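Read through the structure below, which is laid out as structure tokens, and then see the notes.
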Amino acid sequence: MKEVDIMKNDLPDSVAARRIRFVEIAAVIGCLLFTGVFAGKYLIMPMISDEYKVTRNSVAMQAIEGYMIEGSYLDRNGSLIMGGSEAGKQAQAEYPMNYSYAWLLGYYSVNGMTENRYALRGNLYNYTMFTLDEHDTGATVRMTTENGLQNFAFSSILAGNEGSVTVLDNDTGAILCLASQSTADYDVNDPNTLLLSDIEGSQFRRGTFENDPPGSTFKVITAAAALQMQEEEGLDDSFFDYYDSGYYTAPDDGFIIHNYGEYAYGDINLETALNNSVNCYFANLGNLVGQERIAAMAENFMIGTDIEIPWLCTIHSVLDFGKGTPGDVAQVSFGQGNTAVTPLQLTMIAQAIANDGMMMNPYLVESVKFGKLPVYTHIQRKLNNCINTSVDRKLRKIMHSTAVGYGLDEANYGMVYAKTGSAECPDGRVHTYIMGFTEDASFCISLNNSDISYSLYGAAQQLVAYLNNLYAK
């Protein structure tokens with residue numbers, strides 16, 4: 001009887017134990033399944049799918065936006081550009097930086113499961129918003145720009161006109177200024193001024209996104225290719241002599257090119273042709289030098305190559321000789337046709353010539369830090385050695401005399417080197433440029449819908465004077 005009683009008492013315990021183990025196993029499996037689904041949806045899938053990444057970021061932002069303090073943005077001197085906001089409130093930039101920096105700072109925001117990203121704030125959000133310190137504050141971004149220069153370029157040089165002003169440090173490629181004026185007045189303190197804009201092209205940062213023919217600024221490339229050919233083939237200076245009658249007919253295809261204003265310059269050489277921006281001279285010179293050499297020199301200056309500006313964007317350009325007829329080569333050689341560049345790349349071309357032929361990769365973000373802890377520090381990068389020293393020296397000489405003709409004389413402005421350009425665009429616009437450099441910095445002023453590049457002389461004089469004072473400090 002005792003043994004039977006023991007067996008009867010053991011049976012319920014055994015069933016209960018099995019049930020407990022079943023529940024434990026089911027719980028473990030449930031936890032693993034939940035963890036797997038969570039990890040898959042919010043950790044693994046976001047790494048391979050943009051759609052899942054947007055979902056994860058949207059959920060994360062909605063969770064932290066009530067207490068998060070966005071990290072600050074500082075200029076090269078440590079002066080505040082944007083930041084200092086209270087918890088859960090939109091970061092602010094003071095006037096005029098809320099306008100002058102708007103196209104560089106951009107925005108990061110979410111609306112439901114929709115993620116909106118643009119420019120630095122849209123690319124640095126992991127540091128400045130999603131990774132927070134003990135005070136719930138994001139990282140601090142130090143930029144390469146100078147607040148006074150950025151504001152001056154936006155307010156005084158562009159002054160409401162559609163275009164851009166770009167300035168690079170000659171030695172490093174650091175972007176000291178990249179001001180843009182587009183089809184909308186974007187206020188970085190109010191992202192809806194862009195997000196809700198129904199103006200076509202309203203998010204168009206002109207210095208980096210605008211691809212148009214380079215106009216007569218490309219004559220610098222043609223001149224460099226010709227100077228290199230002279231060296232390689234041992235040609236004397238008579239190679240550059242030309243009689244200009246005011247028009248040029250391309251051999252074989254009969255394509256006719258005229259100078260601006262139908263002017264005829266008579267006997268000229270390379271320097272006087274660049275000084276006066278003689279279309280016919282460079283059309284003829286391009287065919288003498290040949291498509292292969294012109295293309296090689298343009299490629300040395302990275303035309304046709306995508307160039308990444310860390311944390312900002314990738315700039316694009318096109319080198320296009322069409323069918324390669326003498327007429328096509330002539331057009332490209334004086335800056336028309338289907339070749340297209342951005343104002344930033346024109347500034348890079350000037351920077352390379354200023355830097356003994358060495359082109360540096362432009363950059364806008366110097367560092368990202370949590371307190372004193374750096375999480376990103378820019379490392380300077382050389383892009384290409386575009387021309388040799390002797391060609392560079394000759395090119396600088398003729399660009400200097402060209403700049404003097406623009407009123408940038410040594411007595412008032414020091415040593416300045418420059419070239420203007422006017423491009424007739426397919427949509428009927430005339431896009432004007434002046435690119436050049438001082439001993440310290442390179443620049444490009446670019447305006448849309450302007451009549452002639454002569455109108456940029458005064459703006460260039462103002463900008464050079466500002467740069468000279470800036471570097472004298």
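Only a predicted model underlies this, so the values are computations on that prediction, with no experimental measurement involved. The first residue of the sequence shown is numbered 1, and numbering continues consecutively from there.
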- prompt: Would you say the side-chain atoms of R393 and S390 include a donor-acceptor pair closer than 3.5 Å?
  reply: no
query: Rounded to the nearest 0.5 Å, how far does CG of D185 lie from OH of Y99?
result: 6.5 Å
- request: For E162, enumerate each residue passing the side-chain hydrogen bond (donor to acceptor under 3.5 Å, both in side chains) test, keeping only those at least two apart in sequence or located in another chain.
  value: R206
field: Which residues share a salt bridge (Lys or Arg N to Asp or Glu O under 4.0 Å) with K369, sequence neighbours left out
entry: none
task: Check step by step if side chain to side chain contact (heavy atoms under 4.5 Å, CB included) holds for T128 and Y73.
output: CA-CA 9 Å; T128 60; Y73 287 82; 3.8 Å; yes
query: How are the rings of F152 and Y466 set to each other: parallel, tilted or perpendicular (split at 30° and 60°)?
result: parallel
message: If I take atom CG from residue N116 and atom CG from residue L194, how far apart are they, to the nearest 0.5 angstrom?
response: 11.0 Å
field: Test item: Y406 side-chain N/O and T420 main-chain N/O as donor-acceptor pair under 3.5 Å
entry: yes
- request: State, with a plain yes or no, whether a side-chain heavy atom of L80 is found less than 4.5 Å away from one of S72.
  value: yes
message: Please tell me whether Y101 and N147 have a donor and an acceptor in their side chains that are separated by less than 3.5 angstrom.
response: yes
field: Beyond-backbone contact of S446 with E210, side-chain heavy atoms, under 4.5 angstrom
entry: yes
message: Suppose the criterion is side-chain hydrogen bond (donor to acceptor under 3.5 Å, both in side chains): which pairs have a residue in residues 284-306, not counting sequence neighbours?
response: E232-R293, E233-R293, Y248-N287, D306-H316
Polar side-chain atom of N269 near backbone of F240 as donor-acceptor pair, under 3.5 Å: no
- request: State, to 0.1 Å, how close P191 and Y107 come at their nearest heavy-atom pair, and which atoms those are.
  value: CB-CB, 4.1 Å
message: For Y243 and Y281, I'd like to know if the aromatic rings sit close, meaning centre-to-centre distance below 6.0 Å.
response: no
statement: Rounding to 0.5 Å, atoms CG (D75) and CD1 (I81) come to a distance of 5.5 Å
message: Given 3.5 Å as the limit, does a donor-acceptor pair link the side chain of N170 with the main chain of T438, or not?
response: yes
message: I'd like to check the side-chain hydrogen bond (donor to acceptor under 3.5 Å, both in side chains) partners of Q336; sequence neighbours left out, ordered by chain and number.
response: none
- request: First locate atom CG of L104, then atom CG of L178, and finally report the distance between them rounded to the nearest 0.5 Å.
  value: 5.5 Å
message: So for atom CD, which belongs to E94, do other residues, nucleotides or ligands contribute more than 12 heavy atoms lying within a distance under 6.0 Å?
response: no
- prompt: Do you know the tightest heavy-atom contact between F321 and I294?
  reply: CZ-CG2, 3.8 Å
message: Just to verify, what does Y471 make a side-chain hydrogen bond (donor to acceptor under 3.5 Å, both in side chains) with, not counting sequence neighbours?
response: D169
query: Do N161 and Q181 have side-chain heavy atoms sitting under 4.5 Å apart?
result: no
message: With heavy-atom distances below 4.5 Å as the criterion, would you say the side chains of S422 and I452 are in contact?
response: yes
message: Working note: R121 + E70, criterion salt bridge (Lys or Arg N to Asp or Glu O under 4.0 Å); need CA distance, chi angles, decisive distance, verdict.
response: CA-CA 10 Å; R121 296 171 73 207; E70 182 179 358; 2.9 Å; yes
message: So if I apply the side chain to side chain contact (heavy atoms under 4.5 Å, CB included) rule between T342 and each of N211, I307, T166, D212, which one comes out positive?
response: N211
task: Please round to the nearest 0.5 Å and tell me the distance separating atom CG of L463 and atom SG of C177.
output: 7.5 Å
- prompt: Are Y247 and N259 close enough that some pair of their side-chain heavy atoms sits under 4.5 Å apart?
  reply: no
- request: With sequence neighbours left out, write down each residue that passes salt bridge (Lys or Arg N to Asp or Glu O under 4.0 Å) with R142, or none if nothing qualifies.
  value: none
field: salt bridge (charged side-chain N to carboxylate O under 4.0 Å, His left out) partners of residues 239-258, not counting sequence neighbours, each pair once
entry: none
query: Within the side chain of N77, is there an N or O that forms a donor-acceptor pair under 3.5 Å with the backbone of S79?
result: no
field: Charged tip of R117 within 45° of Y108 ring normal and under 6.0 Å
entry: no
Let me check something: any side-chain donor-acceptor pairs from residues 359-368 under 3.5 Å, sequence neighbours excluded? List them with distances.
from: N361; atom 1: OD1; to: R381; atom 2: NH1; distance (Å): 2.7
from: N361; atom 1: ND2; to: E308; atom 2: O; distance (Å): 3.1

- prompt: What class does the angle between the rings of F437 and Y417 fall in, given that below 30° is parallel, 30 to 60° is tilted and above 60° is perpendicular?
  reply: parallel
- prompt: Would you find a donor on one side and an acceptor on the other, under 3.5 Å apart, between the side chain of N192 and the backbone of L195?
  reply: no
query: Which is it for C280 and Y265 under the side chain to side chain contact (heavy atoms under 4.5 Å, CB included) test, yes or no, and what are the steps along the way?
result: CA-CA 10 Å; C280 295; Y265 292 88; over 6 Å; no
message: Just to verify, what does D328 make a salt bridge (Lys or Arg N to Asp or Glu O under 4.0 Å) with, not counting sequence neighbours?
response: none
Pairing residues for N279 by the side-chain hydrogen bond (donor to acceptor under 3.5 Å, both in side chains) criterion, not counting sequence neighbours: K219
- line: Contacts satisfying side-chain hydrogen bond (donor to acceptor under 3.5 Å, both in side chains) that involve residues 345-358 (not counting sequence neighbours) are S317-Q345
message: With rounding to the nearest 0.5 angstrom, report the CD1 to CG distance, I175 to L312.
response: 6.5 Å
message: Tell me every residue that passes salt bridge (Lys or Arg N to Asp or Glu O under 4.0 Å) with K397, counting only those two or more places apart in sequence or in another chain.
response: E271
task: Answer whether the closest heavy-atom distance between the side chains of T217 and I349 falls below 4.5 Å.
output: no
field: Main-chain N/O of T145 paired with R76 side-chain donor or acceptor, under 3.5 Å
entry: no
task: Please check if the side chain of N338 supplies one atom and the backbone of L319 the other of a donor-acceptor pair under 3.5 Å.
output: no
- prompt: Do the side chain of R429 and the main chain of E424 share a donor and acceptor less than 3.5 angstrom apart?
  reply: no
field: Atom CD of Q380: over 12 foreign heavy atoms under 6.0 Å
entry: yes
task: Give a yes or no answer on whether the side chain of T131 reaches the backbone of N126 with a donor-acceptor pair at less than 3.5 Å.
output: yes
- request: Taking the side chain as every heavy atom from C-beta outward, state whether F255 and T249 have any atom pair closer than 4.5 Å.
  value: no
- prompt: Would you say the side chain of L120 lies within less than 4.5 Å of the side chain of V141, judging by non-hydrogen atoms?
  reply: no
message: Tell me if the aromatic rings of F282 and F334 count as close, with their centers under 6.0 Å from one another.
response: no
T222 side chain vs S333 backbone, donor-acceptor pair below 3.5 Å: yes
message: Under a 3.5 Å cutoff, is there a donor and acceptor pairing between the side chains of S100 and N151?
response: yes
query: Is K394 paired with E231 through a side-chain N to carboxylate O contact shorter than 4.0 Å?
result: yes
